[in-house]
Amino acid sequence: MSKQLAAVDLMRRFYQLVVSKPHRELVLWLLKSWSELPSVVRVVLLTCESGKHWVRGTAINDSVTVLNTDLLHFRKISPELVQQSYDLVSLQLCEADDPLVLGKILRDECQSIACIPIGEESDPIGLMYLELDLPRSGAEKLLGDYQQLQVFCGLVLQHLTITWRHHQQLEKAKVAEQALWASEVYLRSILDHSPVFISVVDLDGNVILSSDHHLNEALSEAANTRYNGHHVYALFPETIAQALWQGRPESEEEVNADWEFSFESADGKSKYYWINRFPLLDQQNKLFASCAICTDITERKESEIAMQEQQKRLNHLAFHDELTGLPNRTLFHERLLHSLERARRNHSQVAIMLLDVDRFKYVNDSFGHDAGDALLKIIAERLVSCVRQVDTVARLGGDEFVLVIEDIHSQDDVTLVTEKILTIGATPCELRGYDITSTLSVGVSVYPADGDNSETLLKHADVAMYRAKAEGKNTYRLFNHTMNDKAVESLLIENDLRKAIKYDKLRLVYQPKIDLHDGSIIGVEALVRWDLDNGEVMPPGKFIPMAEETGLIVPLGKWVLDEACRQQRSWLDRGFTVGSVAVNLSPRQFLQEEFPDFIQSVLDKHKLQSSYLELEITESSAMENAQQSVQMLERLHAMGVALAMDDFGTGYSSLAYLKRFPIDTLKIDRSFIRDIYCDSNDAAIAKSIIDLGHNMGLKVVAEGIESNDQKLWLKDQGCDYAQGFYFSKPISARDIEESFCTIQRKLTLVAANDIGQSI
């Protein structure tokens, strides 16, 4: 009974000594217990865990230190001796000069070192490393006396080891728990704030997790169902559900996918996503779920769509006419090339029809450019309606259109299409509340008869179209090579005329205007002549219309005005008074905004009074744009320049406008004078013009007088002035000077003869 009580008492004392004390105090106690032994200089406590030695503390005399250091980092003891003692599980003793401990001794008085295993004999849990001031034999005897201390230290160290291991496990568990908590927090934060939609779906289509925050922002249809574990088709719209799960997969390859999909969100807007889906494997490397990461690419997609639409619009603008939507010149040439290639392969014919809107300028001038644009749109729509889809209708610019008609078999096919075009062109259309009829002039060339390339065919169609215009408009002409010869001739004339203007190869002649009452010269009309290099004279009726058409009439007209004023200045300086010099104006000159300024500059250049210059404008030119003509004539009249209306009676003058024109003279066209003495109609018209002019306070000039009978009749009707071959042909300035006196004498005799005849 006493032995049992002793054992219980021993256990209680052990508990009070060991279990109830903190670990640090136990380590200090162990170190101090050994350091207090006689002859012990230094003590080091080591433990071994998983084959690795740790220094737990050291004691030198009264100085005790608790450590937790890897033996490899503790250089004051011999690791070789420690490892040997641990491997052999026995006390190891060596002298201070043993190679195992050489250089590891802390104090000089140390004579031997002991390394004592502590714990179970087969598996020590620690070592006591002692430095003693005794020789090896004395150290061995000393340690034999303290075996009980070794046993007790083993118990304490075993308790400490168990406790340390428990704490380590608890620490690891705590760290693992914190890591798990952190990973959950991180994962939830990532899911809730990720800019992409993330969803994990198991093999049966059930949602394991998803980024709910993103769903609320972008996929509001699923906003009210935020719980995982539901099937994808219960959580998401069908389009999204199908993207996340497409049935139970049999392999990883079925899950791996990258593609773009779109759907319509709850607010009706289109959403675009790029989805990256990949497999998830368990610990056995088996497929158990799939993860889908969906990136919102709506903004980028909308930008791409906008850029594509913009590019389409730019491409359309680059190859189509902005006003009518028809192919432009660039696309027309491309399509024509393709049509010709097909015709070559199929041995068929292609017709090129060039169209020009007759009198389109009058529509613009009368109703404005908006009305002109509306007319072009109507014509474009009508042209498209009268051809097949395989044919091409294009606008080359301005009021010029072109058609490419494929698979032409005969001239009848061309005639059928052109007559259809002329019919729809002449159909009235409503503009600004008025029914306007605007006809078309059409020129046609046919591949391969009229050319084998686009440039030649288009040029020949252009030649034919101008022939149609020249022959009355509202018609069509088929190209023939005779037209081409005339076109080449016109081109050569144009080039030569440019050179003639540039190198001063033109000259002026002058035809006197005569007062029918006293026979005096009241002025001269300046007429341009062109002397060719071969000695011939180019007829004005041949090059003046061409100059009008090409625009050369503007520099030509400026040269005539300048030369006429220069000659007038020369005559005045030498005492020749020929009256005013009349110069004919072209419509292009007359309607130029800066024309009055040019007239003034010429007068100033030659120091000539405006009364010495007379400007003649044809009746038709004045009525092309009557309102603008009134303004221009008023500006010229205010400068003091005399104004005459030429070819009166051949146009379509409105008396309402005629009375507003500030003109001084009416000139009766020669067509009414030729048969005036024998044709009652011509006589009536001439008489009416004379009376009209006088009633409006204007002087009247008759042109083309070639006989005495014509002159006498006009004089009897009260006509003021006359000019024609009867009095004088157009002659040079030198002839005017040399014959001035002769002409005056001749005119005096003629006047006297007239007086005698009247008596």
Side-chain angles (χ1 to χ4, degrees), residues 23-24 26-158 160-161 164-165 168:
H23 299 164
R24 180 182 177 83
L26 290 176
V27 172
L28 292 175
W29 178 84
L30 286 175
L31 291 170
K32 193 173 182 180
S33 297
W34 285 95
S35 65
E36 290 177 349
L37 295 179
S39 301
V40 175
V41 177
R42 183 171 70 134
V43 179
V44 178
L45 173 62
L46 299 100
T47 61
C48 184
E49 299 176 21
S50 301
K52 192 173 183 179
H53 299 284
W54 294 86
V55 177
R56 297 299 184 179
T58 63
I60 301 174
N61 297 330
D62 295 332
S63 176
V64 181
T65 304
V66 177
L67 299 174
N68 189 26
T69 305
D70 190 339
L71 176 60
L72 296 177
H73 301 148
F74 194 80
R75 301 179 179 179
K76 296 181 179 180
I77 62 177
S78 171
E80 293 82 5
L81 183 61
V82 170
Q83 188 63 42
Q84 189 179 78
S85 178
Y86 186 81
D87 292 340
L88 298 176
V89 195
S90 62
L91 170 65
Q92 298 296 313
L93 283 172
C94 63
E95 300 291 342
D97 57 356
D98 192 290
L100 285 176
V101 297
L102 191 63
K104 301 294 184 180
I105 298 174
L106 178 64
R107 302 178 67 87
D108 294 338
E109 59 269 26
C110 179
Q111 297 181 37
S112 62
I113 295 93
C115 192
I116 308 169
I118 297 178
E120 297 181 3
E121 293 183 358
S122 60
D123 185 19
I125 59 175
L127 298 168
M128 298 301 298
Y129 185 92
L130 307 178
E131 295 179 6
L132 302 99
D133 60 358
L134 295 173
R136 177 176 177 176
S137 58
E140 185 175 1
K141 182 178 182 304
L142 175 66
L143 295 176
D145 296 337
Y146 290 95
Q147 287 184 355
Q148 293 180 350
L149 180 60
Q150 294 179 31
V151 173
F152 190 77
C153 286
L155 294 174
V156 173
L157 190 57
Q158 186 175 12
L160 285 175
T161 301
W164 283 336
R165 289 176 179 173
Q168 287 177 351

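Hydrogens, waters and symmetry mates play no part in the numbers below; they use all other heavy atoms, side chains included.
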Least distance between heavy atoms, [X] atom then [Y] atom:
X	Y	value
Glu95	Val101	O-CG2, 3.6 Å
Leu93	Arg136	O-CZ, 3.6 Å
Val27	Arg56	CG1-O, 4.0 Å
Ala59	Ser35	CB-CB, 3.8 Å

Going by heavy atoms in the side chains, are [X] and [Y] under 4.5 Å from each other?
X	Y	value
Leu46	Tyr86	no
Arg42	Ile60	yes
Leu130	Leu143	yes
Trp34	Val40	no

Using the side chain to side chain contact (heavy atoms under 4.5 Å, CB included) definition, which of the options Leu88, Ile77, Leu127 pairs with Cys115?
Leu127
Thr58 and its side chain to side chain contact (heavy atoms under 4.5 Å, CB included) partner, picked from Leu31, Val44, Leu45:
Val44
Is Glu80 atom CD crowded by more than 12 heavy atoms from other residues, nucleotides or ligands, each under 6.0 Å away?
yes
Could you measure the distance from the [atom1] atom of [X] to the [atom2] atom of [Y]? Nearest 0.5 Å is fine.
X	Y	atom1	atom2	result
His53	Asp70	NE2	CG	10.0 Å
Leu142	Ser137	CG	OG	11.5 Å
Leu71	Lys52	CG	NZ	10.5 Å

Within the 3.5 Å criterion, strictly below it, is a donor on Gln83 or Ser85 matched to an acceptor on the partner's side chain?
no
Please check this pair: side chain of Ser39 against backbone of Leu132, looking for a donor-acceptor N/O pair closer than 3.5 Å.
no
Would you confirm whether Ser78, through its side chain, and Leu100, through its main-chain N or O, come within 3.5 Å as a donor-acceptor pair?
yes
Not counting sequence neighbours, which residues clear side chain to side chain donor-acceptor pair (under 3.5 Å) with Thr69? List them please.
none
